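In what follows, a single structure is set out as structure tokens and then discussed.
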Amino acid sequence: MHIIANCNSLLEILSIVERTVPVRSTIPVINGILIEAEKDELFFSSTNLDIGVRSSNKDAQIDGQGSTVLPVKFVDILRQLPSPMVEITVDQETYRTEIKSGKARFFLYGMNSQEFPSFTPGEEWKKWTMISLSSDEFKNIFKKVIFAVSSDESKPPFRGILMEKDEQNLLTCLASDTYRLACLQQQVSIEERGATFRLLVPGKSLHELLRIIDKGEERINGYFKDHEIIFTYREFTFYMRLLEDRYPNLINVFPVNYQTRITVGKELLEQTIGRALLLAQGYNHMISLQIEDNVLKVKAGSEMGRMDEELELIKKEGDDLEEILINARYFLDPLRVIGRESIVIDFNGFLGPCIFNCGSEGDVSRYRYLVLPIKVDKKDH
Amino acid sequence: MSKVIMLTDMESFFASVEVAKNPSLQGRPVVVCGDPQRRHGIVLAASREAKAFGVKTGMVAGQGSRLCPHAVFIRPHMQDYLDVSLKITGILHGFSDRIAPYSIDEQFLDVTGCEKLFGSPEEMAQRIIEEIWRQTRVRGRVGIGENPLQAKMACDNFAKKNKTGIFRLSGGNYARLTWPLPIRCLFGVGVRMERNFFNIGVTKIGHLAGLTREDLARRWGINGEVLWQNAHGFDASRIEAPAGYEDRKGVGNMVTLPRDYRKKHEIEVVLLEITEEVCRRARRMGKVGWVANVYCRGADFDVPTGFSRQMRMPEPTAAAMDVYPRVLKIFYTHWDYRPVRTLGVTLSGLIDFADYQLSLTENREKKIALNRAMDIIRARYGATSLFRLSSLESGGMLFDRASKIGGHEA
């Protein structure tokens, strides 16, 4: 295999492909980048076993087919070569790879590409059911729910984000770690291919994908079938496994009624809770909230000291609220991703759920977030 | 000012307690040993008279009875020994509050600054021995030093062998007296280290003291350095009033199985029982723990296998049913499928249990209330009053353990 290519053209792809290479995996071959030369096309792939990425480059001049797995250092080498052009020669017997540019010459020890995990071959999958979003939409939807995903391996279904679409093209994305629940519902203009679906996408893989894609109008297409979902974005293809666990019907836990409803400035609340978090207590980051007349009282206290603050409400409906204890982190997470001036929060007593509402039923986009409070253990012995 | 540290040690402790309980055994060879059928058939203690026939602690019971057939063989009564041990701690409290029990029959005490009250260290040691004898009829020995190491060395190598049962080492005489002793006599040197030392020509404590600290650190790391310090009589540790529940960092239990376990379900029964016990103890302290640890030791002594591995849990807990799945996960990740002799579970990273996050998928209030109810029942009616059905299956140790202390009969 012999390639002559422009370094920058390769680096454009490789700087994204390298992001999926695991830092230190026990499987040596996935610590590298797979390079394949086929006819007049060059392919680069990497995987951390949660997500795989593959991309092609057609600008290179290729002599003879072949493949090898090179250490990720290969990308750094390309970045620092003296000439804009690079010549890469791979010995298919020994996988010894020569990289020449200007008067610099590198030899790298490649690995047999047979051991590299294989992705779904061909382009057949482009005929699977598909969902298409702009990268702005995609980022917007998932950043609102992904923080609620659980990383606890003993709760298998909750490691995933539930993606559901009904006949009316209403897309529901839902994530929960069993303590809170984030749910975004949005009308989408999906190319009509298969009416409804219900998928459980692993949060970890989706997180990787969100990290890689940039803002913009470029399309992200998701093709899925059985236990696999494949995303395409620019010249990249991302391969993921879907989770097969049964997901409980959590959307029903949002209560219809409320005991206390407040409307409050989002920015102000975010800042106040941020300050309270500084002195929140213990691993539960516990702070207390209280609503009296038109004021929200926020209190926090730990071994270090105490703080309290009062916040004027824009509006209050229903009863006052006696002291409720809540994880400040859980309260802050949605505030950071909501892009509105004010927000409506419902309370249901000091042991009931607390719900953030953005938009209502029938809106193009509706976001709801539910968090359960902390209970103090009363020792009666 | 140098410190005055003492180590008190009881002669043939278990045997002496048995004789004190039953004066008709006075002057006869007495051997305390476990039940030979259940693998505890080793000599736990032998009276002075039995030792004269060559019976030694740790020897197989059968060998003991061959050496001294006319000895009185007694099954252990751990509760009695514990009671006497605590009584001795009480006596020592009359001399100093800085006491650190080291084993059931050894306790360190720091008597620095008590000379005005009780006289010279030797006089004080004499009074301690007399008081212990008067109250318990057990003969004590006292090693005295400027630090715990010197006290231990003084006791093991000199006080146990002389008539008065008292000996004092100090920075001044440590080298002269201990350096001629075989390397095995140094605290911290076991069979393995002895062999290592023989390999480099070190047979006496003095030889070791002659090596450089760096050399030992290079060969055996921290352990090498510690042994070098021991050879020179250095020890910076202090004897303080014992740490209470508050400072406990973990609770753990370990079980030596009555026979080698090979089957998964038998091992799982025991792991569940230990997990339950450990969680119960954590709850009694009002704690929850972040980290689950599993200890396992293989059955084959010649090929030592086993592991001790831990896992941090997503949130602290003291509920057996939260900890147990992690225990299993750790166990099956590391078990080599060879027969198992010893199993242990530890819950560490303890913090006070004060509040808990409510969950959408489980009723935590109910779970906590259930655990509390089980604890109350067991505290009132005993460990076997309420148990998991699996404890009745083959492999279950609950009923066996409930009647024992430290693995021996109560």
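Chain identifiers are assigned alphabetically (A, B, ...) following the order of the sequence lines, protein sequences preceding nucleic acid strands; residue numbering begins at 1 within each chain. Since this is a predicted model, take the numbers as computed values, not measurements.
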Would the number of heavy atoms belonging to other residues, nucleotides or ligands and lying under 6.0 Å from [atom1] of [X] be above 12?
| X | atom1 | answer |
| --- | --- | --- |
| A/H207 | NE2 | no |
| B/R238 | CZ | no |
| A/E153 | CD | no |
| B/K263 | NZ | no |
| B/K367 | NZ | yes |
| B/K329 | NZ | no |
| A/K299 | NZ | no |

* Go through the atoms of B/E365 and report whether side chain, backbone, both or neither lie under 4.5 Å from a heavy atom of chain A. => side chain
* Contact part of B/P325 toward chain A, heavy-atom cut-off under 4.5 Å: side chain, backbone, both or neither? -> neither
Considering only heavy atoms from C-beta outward, does the side chain of [X] approach that of [Y] to under 4.5 Å?
| X | Y | result |
| --- | --- | --- |
| A/D377 | B/F353 | yes |
| B/T361 | A/F158 | yes |
| B/L358 | A/L351 | yes |

* **Contacting region of A/S151 [heavy-atom separation from chain B under 4.5 Å]** => neither
* Criterion side-chain contact (heavy atoms from CB on, under 4.5 Å) on B/D355 and A/L325, from CA distance to verdict -> CA-CA 10 Å; B/D355 49 69; A/L325 300 169; 5.8 Å; no
* Structure fact -> Between the NZ atom in A/K155 and the OG atom in B/S359, the distance rounded to the nearest 0.5 Å is 6.0 Å
* Are any side-chain N or O atoms of B/Q357 and backbone N or O atoms of A/L372, one a donor and one an acceptor, separated by less than 3.5 Å? -> yes
* To do: With a 4.5 Å heavy-atom cut-off (strictly below), which parts of residues 243-260 of chain A touch chain B? List them by number.
  => A/V253
